[in-house]
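Following: one structure in structure tokens, then a few remarks.
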Amino acid sequence: MEIQPSYPGGVDAFRSTLYKMLKESYTNIISETETIEVTIVIEKDGTASNINVDCRNKGWIPYVIKAIKAMPKWNPGLNSDYDPVRVKYEIGNIIG
């Protein structure tokens, strides 16, 4: 792969947007002390699929997945011919 996928504004913008979405919609369940790690596949069209969420409170997983699905598309990864490709992407703690 030549170019990694990127979220508009970068990974910090992804974390910030996701955290804001979770706080606005689910204020009573999201704790700032929780570690939430996400693995996703960025498709050729920039959509997130195969969303895998790892956190201590398993009840939050559906909310995190729903929020990620509602977020803007990513810029897809590109191969050496600059054609879009599917890429597995890991994002460390989205809250901390």
Side-chain angles (χ1 to χ4, degrees):
M1 174 182 13
E2 191 74 24
I3 299 173
Q4 288 285 330
S6 62
Y7 186 77
V11 175
D12 288 339
F14 173 84
R15 285 185 179 109
S16 176
T17 301
L18 182 55
Y19 180 70
K20 286 177 187 173
M21 290 175 73
L22 292 170
K23 277 301 250 188
E24 288 172 5
S25 300
Y26 312 110
T27 54
N28 58 339
I29 66 161
I30 298 300
S31 165
E32 293 182 18
T33 61
E34 178 69 37
T35 299
I36 300 174
E37 296 181 353
V38 175
T39 303
I40 56 180
V41 172
I42 306 302
E43 298 292 341
K44 293 179 182 183
D45 67 355
T47 57
S49 70
N50 297 31
I51 301 166
N52 184 7
V53 178
D54 184 28
C55 61
R56 191 173 43 239
N57 186 337
K58 303 302 180 200
W60 295 356
I61 293 173
Y63 300 107
V64 175
I65 291 172
K66 183 177 179 180
I68 291 171
K69 287 182 178 182
M71 293 175 74
K73 288 185 178 184
W74 288 62
N75 301 310
L78 303 175
N79 65 16
S80 59
D81 293 327
Y82 297 99
D83 295 322
V85 292
R86 293 179 83 222
V87 178
K88 184 177 179 179
Y89 198 87
E90 294 181 28
I91 302 163
N93 191 13
I94 61 169
I95 290 182

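Checking side-chain atoms of Asp81 against main-chain N and O of Asp83 turns up no donor-acceptor pair under 3.5 Å. Remark: the backbone N or O of Ala13 is paired with a side-chain donor or acceptor of Thr17 at under 3.5 angstrom.
Between Trp74 and Phe14, the ring planes lie tilted relative to each other; the angle falls in the 30° to 60° range.
Of the inter-residue distances, the one linking Asn93 atom CG with Arg15 atom CZ reads 7.5 Å to the nearest 0.5 angstrom. Distance CD/Glu2 to CG/Leu78: 8.5 Å, rounded to 0.5 Å. Rounded to the nearest 0.5 angstrom, Ile65 CD1 and Ile40 CD1 are separated by 11.5 Å.
Closest approach of Asn75 and Pro8 over heavy atoms only: ND2-N, 4.4 Å. The minimum heavy-atom distance between Glu43 and Pro76, with the atom names listed, is O-CB, 3.7 Å. The two residues Pro84 and Lys44 make their nearest non-hydrogen contact at CB-O, 3.5 Å. Taking every heavy atom of both residues into account, Pro72 and Tyr7 meet most closely at CD-OH, 3.0 Å. Summarising the geometry of Gly77 relative to Val87, their closest heavy-atom pair is CA-CG2, 4.1 Å, with the distance given to 0.1 Å.
Under the 4.5 Å side-chain contact rule for hydrophobic residues, Val11 and Val41 do not share a cluster. Hydrophobic clustering places Ile36 together with Ile61 (ILVMFWY residues linked when any side-chain heavy atoms are closer than 4.5 Å, directly or through intermediates).
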Quiz item: For Lys88 and Thr39, what are the C-alpha separation, side-chain angles and deciding distance, and is it a side-chain contact (heavy atoms from CB on, under 4.5 Å)?
Solution: CA-CA 7 Å; Lys88 184 177 179 179; Thr39 303; 3.4 Å; yes
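Among Asp45, Asn50, Ile42, the single residue meeting the side chain to side chain contact (heavy atoms under 4.5 Å, CB included) criterion with Arg86 is Asn50.
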